[in-house]
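Below: one structure, written as structure tokens.
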Amino acid sequence: MARGGFPGGGFPGGMNMNNMMKQAQKMQQDMMRMQQELEEKTYTASAGGGAVEATVSGKNRVTAIKIAPEAVDPDDVEMLEDLIVAAIGEAMNQAESAAGAEMKKITGGMNIPGMF
């Protein structure tokens, strides 16, 4: 029997092991480059009509919080807390969506466990 256990030494459909390995290595390099680029980006979202603005990095780290003075009501701290949580959550959703979209470009929509 030929190498690889398939006639002609390759895989069904004409794909040989060397080409498959080269494609896997290129995909890995592309994913590493994309991950580095995403980590350098920032994502900003607001809540409460702009009363609170949160910025997160591509590493999902909160890098900035801006609070409009009129949002600070000593009698309603709970609302301000909710606005902060909402703004951070939305900024993180933006970062996650961007990572997923970039990953889909690289993998052609193929689902790779453990990635984003």
Applying side chain to side chain contact (heavy atoms under 4.5 Å, CB included) to Gln94 and Glu90, what does each step give before you reach the verdict? CA-CA 6 Å; Gln94 289 178 15; Glu90 180 56 30; 3.8 Å; yes

Q | Test log, rule side chain to side chain contact (heavy atoms under 4.5 Å, CB included), inputs Leu38 and Tyr43 | A | CA-CA 10 Å; Leu38 286 171; Tyr43 304 88; 3.5 Å; yes

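Within 6.0 Å of the CD atom in Glu39, the count of heavy atoms belonging to other residues, nucleotides or ligands exceeds 12. No more than 12 heavy atoms of other residues, nucleotides or ligands lie within 6.0 Å of CD in Glu78, so this atom counts as exposed by the packing criterion.
One finds the CD atom of Glu102 at 4.0 Å from the NZ atom of Lys105 (value rounded to the nearest 0.5 Å). Between the NZ atom of Lys41 and the NZ atom of Lys59 there is a distance of 15.5 Å, given to the nearest 0.5 Å.
With contacts defined as side-chain heavy-atom distances shorter than 4.5 Å, the pair Leu80/Val52 qualifies. Two residues are said to be in side-chain contact when any heavy atoms from C-beta on lie closer than 4.5 Å; Met32 and Gln36 fail this criterion. Residues Ile84 and Ile67 meet the side-chain proximity criterion, which asks for heavy atoms closer than 4.5 Å.
A chain of hydrophobic side-chain contacts below 4.5 Å, direct or via other Ile, Leu, Val, Met, Phe, Trp or Tyr residues, connects Leu83 to Ile65. Both Val72 and Ile88 belong to a single network of hydrophobic side chains, linked directly or stepwise wherever heavy atoms of I, L, V, M, F, W or Y lie under 4.5 Å apart.
Using modelled atom types and a 3.5 Å distance limit, the side chains of Gln29 and Gln25 yield no donor-acceptor pair.
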